[in-house]
Amino acid sequence: MPIQTYNTLSRRKELLKPLEKGHIKLYVCGITSYDFCHIGHARSALAFDMIVRYLRYRGYTVTYIRNFTDIDDKIITRATEQGVSALELAGRFIDEFYVDMDRLGVDRPTLEPRATEHIQEMIDLISELIGKGLAYQAGTDVYYSVNGFPEYGKLSGRNLDDMQAGARIAINENKSHPMDFVLWKGSKPGEPTWDSPWGPGRPGWHIECSAMSRKYLGDTFDIHGGGQDLIFPHHENEVAQSEGASGKPFVNTWIHHGFVTIRDEKMSKSLGNFLTIREILTQYHPEVLRFFIFSTHYRNPLDFSETAMQDAMTGLDRLYGCMAAIDDLGTTGLIADVTEIVSPKDQDKLRTIEERFQKAMDDDFNTAQAQGILFDAVRIVNKICQQLPARPCHADVQLLKETGALIKQLAGIMGLLQEDARTYLARKKTAMLLELDISEQEILKLIQERKDARTAKDWARGDNIRDQLSAKGVELKDGADGTTWVINRDHR
RNA sequence: GGCGGCGUAGCCAAGUGGUAAGGCACUGGUCUGCAAAACCAUGAUUCAGCGGUUCAAAUCCGCUCGCCGCCUCCA
C-alpha cells in the first residue's frame with residue numbers, strides 16, 4: 001500500500017515517491033527564536049514528529065532538517081528591549097525550545113541548522129541570483145526580482161497582478177517591483193552585521209531556508225513543510241530563490257498543517273491570544289496535548305479549549321486504563337486448553353488493527369481515523385478482559401498481551417502510551433492529590449475505617465465515609481482485591 | 001477585492017460515489033449492599049440550504065447562506 005500525501009503545490013493528494021529509493025528528504029521551517037513557544041509551535045513540531053515516525057515505521061530512511069531562524073527583525077527588537085545581544089536572546093530561546101520539545105517527547109531532527117551559521121552559503125546564493133539577473137542591489141539592500149521568475153505565485157495560487165491590487169504593503173522606493181523581496185539588508189548602526197559584497201548587513205528571512213536546504217538536501221528534495229501561514233510569502237519566495245538559482249524543481253511535495261485556534265480565531269503572537277507550551281504542561285500531561293493535537297487531521301484547524309483538553313485527557317486515560325488491565329493479567333496458572341472466549345469476529349478485528357491503522361495513516365497521515373481504530377481495539381480488549389474467567393486460557397491471554405503490545409507500538413507513532421501504564425496512572429493520582437485538601441494518609445485511614453464499618457455491616461457509616469471523601473473529590477472503587485480510589489477531576 | 005479552507009448527532013471528529021468510524025457527554029441495563037470503573041444497549045432516515053448529474057451522493061457539479069485563514073511578521 002502506497003502512502004498518499006496532500007501536496008499544496010498541486011492541491012491534491014499524490015503518491016509519495018521518494019527521489020531516492022527508500023529515502024525521504026524532509027525540510028521543515030522551524031521557529032524564529034525570540035520568545036517561548038506556544039501551542040501552535042507545538043502542533044508544528046508534533047505533526048512533523050508524527051510524520052517522520054510514521055515514515056520510519058513504514059521502512060523509509062528519513063533525513064529530517066529543521067532550521068532555527070536566529071537572526072531577524074523581531075529578535076533584534078526584543079534583544080534591544082531586554083538589553084542583550086540578538087544572538088544571546090536567540091540562543092536563550094533555542095534552549096527554552098529544547099526544554100519544551102523534550103517534555104513533549106519530540107524526537108530530534110537529523111540536523112538543526114541555524115541561519116547565522118550559514119551566512120556564507122546565503123551570500124553565495126544571493127551572488128548566484130544576481131549573476132543570473134534575478135536579483136539586484138539597491139542602496140545597501142539586495143532584492144529578488146519577481147518579474148524574472150515567471151512562475152512566481154505557483155505555490156500559493158496567486159499572480160502578481162492580483163497581489164498588487166490587494167497589496168497592503170507600503171511602497172518601497174528601492175524596489176523596482178512592489179512584490180520584490182529583500183535578500184540582504186544593509187544593517188543599521190548597533191545591529192548585528194556580517195560583511196558581504198554589498199557592504200555590512202544581514203540576510204533577509206527567506207534566503208536562509210533556500211541556502212540551508214540546498215546545502216543539506218540538494219537542489220531538489222522530497223518534502224518541505226511548515227504552517228499554512230508560511231505558504232505566502234515565505235515558501236513562495238523560497239521557490240523563487242531556489243528554482244531561480246538551480247533551474248531545477250525545488251520541492252516535490254509541500255506539506256502545510258493547519259492552525260491552532262482559540263474560539264475559532266488563529267492563535268498568534270500578534271493577536272496575543274496564545275498559550276505557551278509550558279503553561280499547558282503545568283496543567284496537562286504532555287501526551288494529553290499530543291492526543292488533542294492528533295484528534296483531528298493535521299490540515300484542519302484545531303480549536304483549543306479546556307473542554308477539548310479535558311476530553312483528550314479522558315480519552316488518554318481510557319487508553320492507559322486498557323494498557324494497565326492487560327499488564328495486570330497474570331501469565332501463570334493459565335489453562336492450556338483451547339476454550340477461547342474471544343469470538344471469531346473480535347479475533348478478526350484484533351488481527352486487522354495494524355492493517356487498518358496503516359490504511360488510515362497511509363491516507364495523508366489521518367491520525368483522527370487512526371485513533372478511532374485504536375479505540376475500537378481498546379473496546380474489544382476491555383470486553384475480553386471483563387469476560388475472562390478466574391483461570392483464563394493461555395490463548396486468550398496471549399492474544400491480549402500481543403494486542404496490548406501492538407496498540408502501544410502504533411500509539412507510539414503519535415507519541416502516545418509511551419509511559420508504563422501503572423506509572424502513568426499512579427503519577428496522575430499523585431499529581432491530582434496535590435490539588436485536593438486531603439492527604440493520601442487521611443484517605444487510606446478513612447478507607448480502613450469504612451472497611452471496618454462495612455465488616456460490621458454498618459452501611460450508613462460506610463456510605464457516610466464514602467460521601468465525605470466524594471465531597472473532597474475522591475471516588476472509591478471496591479474491587480476483588482480491596483478498595484482503591486481515584487480522583488474525580490470534575491471536582492476542581 | 002484576489003486566493004484557499006471549512007460547515008457531519010449535545011460537543012469533538014473520521015468518512016470524497018454504494019447506503020453514516022471513533023471519542024466525550026447523556027439515558028437504560030449487567031456488575032455492586034449502594035456506588036465507581038468496565039461492558040452491553042440506545043442516538044443523525046441523515047451529512048448548512050436549494051437545485052443538478054447518476055441506478056446510486058455527505059461524497060461530483062452549480063448557486064445561496066454562515067464561519068475561518070492567507071494576501072504584513074506569524075507554526
Side-chain angles (χ1 to χ4, degrees), chain A residues 8 11 13 28-32 34 37-48 69 72-74 77 153 156-159 161-170 179 205 225-234 236 256-261 264-271 274 291-292 295-297 299-303 305 307-308 310-319 321-322 325 356 360 363 366-387 454 457 459-460 462-463 466-467 470 474-479 483-486 488:
Chain A
T8 306
R11 291 184 191 82
K13 286 184 198 170
V28 174
C29 288
I31 57 159
T32 298
Y34 71 105
C37 288
H38 58 62
I39 312 175
H41 298 111
R43 185 178 196 186
S44 177
L46 291 174
F48 289 106
T69 298
D72 141 289
D73 287 347
K74 290 188 299 295
T77 307
S156 54
R158 296 149 209 267
N159 62 65
D161 296 335
D162 291 342
M163 283 189 284
Q164 281 179 81
R168 283 193 262 160
I169 43 173
M179 293 311 296
W205 175 35
Q228 280 170 355
D229 48 0
L230 296 184
I231 297 172
F232 191 89
H234 187 52
E236 191 68 63
H256 292 99
H257 65 262
F259 303 123
V260 177
T261 60
D264 293 325
E265 255 196 345
K266 181 183 170 186
M267 181 182 288
S268 75
K269 290 278 170 70
S270 41
L271 287 171
F274 61 91
F291 186 103
F292 166 66
S295 66
T296 189
H297 184 88
R299 272 188 287 112
N300 290 153
L302 177 62
D303 200 47
S305 68
T307 313
Q310 289 293 337
D311 286 357
M313 184 161 77
T314 310
L316 183 65
D317 288 353
R318 183 171 158 87
L319 292 180
C322 177
R356 287 181 289 135
D363 185 7
N366 195 334
T367 54
Q369 191 171 30
Q371 277 189 355
I373 289 154
L374 295 182
F375 275 105
D376 217 25
V378 163
R379 195 184 56 251
I380 293 166
V381 167
N382 282 337
K383 182 165 78 178
I384 297 168
C385 282
Q386 178 163 272
Q387 291 170 348
R454 293 174 75 212
K457 298 221 189 295
W459 305 124
D463 286 353
R466 195 181 62 212
D467 293 346
S470 177
V474 178
E475 297 295 343
L476 299 183
K477 297 162 76 169
D478 295 331
T483 301
T484 55
W485 55 278
V486 294
N488 177 3

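Order of the sequence lines fixes the chain letters, A, B, ..., with proteins taken first and strands second; residue numbering starts at 1 for each chain. Computed from a prediction, not measured in an experiment: that's the story for all the values here.
- Using a 4.0 Å cutoff on non-hydrogen atoms, the parts of residues 377-387 of chain A near RNA chain B are A:R379, A:N382, A:K383, A:Q386, ordered by number.
- Contact check, A:N300 against B:rG69: no side-chain N or O comes under 4.0 Å of OP1 or OP2.
- Between B:rA75, B:rC70, B:rG33, one nucleotide has an atom nearer to the side chain of A:W459 than all others, and that is B:rG33.
- Along RNA chain B, the nucleotide closest to A:K13 and the one closest to A:G372 are compared, and the more 5′ of them pairs with A:K13.
- A:F48 CZ to A:H257 NE2: the interatomic distance, rounded to the nearest 0.5 Å, is 6.5 Å.
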Provide a list of protein-nucleic acid N or O atom pairs under 3.5 angstrom, restricted to nucleotides 8-12 of chain B.
none

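- Base engagement by A:D463 is indicated by at least one non-hydrogen atom pair under 4.0 Å involving a base atom.
- Using a 4.0 Å heavy-atom distance criterion, A:L230 is classed as a sugar-phosphate-only contact.
- The side chain to side chain contact (heavy atoms under 4.5 Å, CB included) search around A:R466 returns A:R450, A:D463, A:L476, not counting sequence neighbours.
- The residue among A:E265 and A:S268 whose nearest nucleotide of RNA chain B lies closer to the 5′ end is A:E265.
- Checking B:rA13, B:rG2, B:rA75 against every side-chain atom of A:T296, the shortest atom distance belongs to B:rA13.
- Judged as a salt bridge (charged side-chain N to carboxylate O under 4.0 Å, His left out), and not counting sequence neighbours, the contacts of A:D363 are A:K13.
- Under the rule for a side chain to side chain contact (heavy atoms under 4.5 Å, CB included), the partners of A:E265 that lie at least two apart in sequence or sit in another chain are A:N273.
- Annotation: salt bridge (charged side-chain N to carboxylate O under 4.0 Å, His left out) contacts of A:D303 (sequence neighbours excluded): none.
- The salt bridge (charged side-chain N to carboxylate O under 4.0 Å, His left out) test applied to A:R158 returns no partner, not counting sequence neighbours.
- Checked against side chain to side chain donor-acceptor pair (under 3.5 Å), A:T32 has no partners two or more places apart in sequence or in another chain.
- If you check every strand for non-hydrogen atoms under 4.0 Å, A:N366 touches sugar and phosphate atoms only.
- For B:rG23, its base never sits under 3.5 Å from the side chain of A:R318 at any donor and acceptor pair.
- Of the candidates B:rA75, B:rC73, B:rU16, B:rA75 carries the atom nearest the A:H257 side chain, counting heavy atoms from C-beta on.
- Looking at heavy-atom distances under 4.0 Å, A:V28 makes no contact with the nucleic acid at all.
- Using a 4.0 Å heavy-atom cutoff across all strands shown, A:S156 reaches sugar-phosphate atoms only and no base atom.
- Counting any heavy atom pair closer than 4.0 Å across all strands shown, A:Q369 reaches a base atom.
- Residue contacts shown for A:H297 are limited to sugar-phosphate atoms, with no base heavy atom under 4.0 Å away.
- With sequence neighbours excluded, no residue satisfies ring-ring contact (aromatic ring centres under 6.0 Å, His included) with A:H297.
- Residue-level contact check: A:H38 touches the bases, meaning some heavy atom is under 4.0 Å from a base atom.
- Taking the salt bridge (charged side-chain N to carboxylate O under 4.0 Å, His left out) definition, one finds that A:R379 meets it with A:D376, sequence neighbours left out.
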Once pairs are restricted to Watson-Crick or G-U wobble with both distances under 3.5 Å, how does RNA chain B read as a dot-bracket string, [ ] for crossings and | for other-strand pairs? ((((((((.[[[..)..(...]]]..((((.......))))......[[[[[..)....]]]]])))))))....

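- A:M179 has its CE atom 16 Å from the P atom of B:rC70, to the nearest Å.
- Rounded to a whole angstrom, the distance from the C1' atom of B:rA75 to that of B:rC61 is 35 Å.
- Closest to the A:R466 side chain, of the nucleotides B:rA35, B:rG22, B:rU16, is B:rA35.
- Within 4.0 Å (heavy atoms only), A:G40 reaches at least one base atom of the nucleic acid.
- Judged by distance alone with a 3.5 Å cut-off, no donor-acceptor contact links the side chain of A:N159 to the base of B:rG2.
- Taking the ring-ring contact (aromatic ring centres under 6.0 Å, His included) definition, one finds that A:F274 meets it with A:H38, sequence neighbours left out.
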